Amino acid sequence: MKIWLDSADPAEIKKAVEAGLCDGVTTNPSLIAKAGGDNATIIPKIVEVCDAPVLAETLSIDADGIVSEGKELAKISSNVVVKIPMAWDSLIAVKRLSQEGIPTAVTLIFNATQALLAARSGATYIAPFVGRREDISEEGAQAIAEMVDVYQLHGLPTELIVASIRGPLQVKQAALAGAHGVTVPFGVLKQMAEHPLTAAGIAKFLADAGKG
Ligand code: G3P
């Protein structure tokens, strides 16, 4: 399963790249704003530290606007993927951009029917949000499993990158469901590496060796 980083912070991204744990980067307007800029200023900084796919999100609502914005984003770097929130006009834009060879990711997906339409319109990736489903007491893992099943049953080539990850358990559930990848905040990535018994074991080994 691919590990993507859900971040617009080049310093965090560089750390994930160093660990071999950055198969791609997902940004969104909130993460870009948190990084103190916009796509035009932040995405170039990200592609400097990451040569894997970088998802940059459009803000336009109409198909023509999305296509126009997406083409500008694609000019930033060859590894930029145009990220578009799920909507009818977005599907029209995905179809048009994919016909021009521009990779796309449909985001803010919450069920298997949205996932099916995005794949059939030609999306390269989809980003189904598991955390925001569970935030409102809706099942997250089951929804992801259904999307994976639909894609596998019908041989759909779109890659499913599970997003809106709140903690390591959701990463495990995505992996068990057979998702192509997850996109993880840097803090969750660090959490995944840690366990109290590991820390205790290291401390004991160092103490026994007279190093602690
Ligand atoms: O970046 C897309 C997605 O991962 C956002 O997650 O935490 O804002 O629900 P979150």
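Just so you know, ligand 1 is whichever comes first in the structure, and atom 1 is the first atom listed for that ligand. Quick caveat, the model's predicted, so the values are computed rather than measured.
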Check whether any N or O atom of [X], backbone or side chain, sits under 3.5 Å from an N or O atom of ligand 1, and answer yes or no.
X    : value
R132 : yes
T107 : no
S164 : yes

In terms of residue, atom name and distance, what is the protein heavy atom nearest to atom 7 (O) of ligand 1?
R166 NH1, 2.8 Å
If you scan protein heavy atoms around atom 4 (O) of ligand 1, the nearest is D6 OD2, 2.7 Å
Check each atom of ligand 1 against the heavy atoms of K83 and keep those under 4.0 Å away; list them by number with element.
1 (O), 2 (C)
For N28, counting its heavy atoms only, list the atoms of ligand 1 lying under 4.0 Å from any of them.
1 (O), 2 (C), 5 (C)
What class does the angle between the rings of Y151 and H180 fall in, given that below 30° is parallel, 30 to 60° is tilted and above 60° is perpendicular?
tilted
In terms of side-chain geometry, is the basic nitrogen of [X] or [Y] positioned less than 4.0 Å from the acidic oxygen of its partner?
X    : Y    : value
K71  : E100 : yes
R166 : D135 : yes
K75  : E72  : yes

Heavy-atom distance under 4.5 Å between the side chains of T183 and I165, does that happen here?
no
One pair to check against side chain to side chain contact (heavy atoms under 4.5 Å, CB included): T27 and K83. What are the steps and the verdict?
CA-CA 8 Å; T27 71; K83 192 183 188 191; 5.7 Å; no
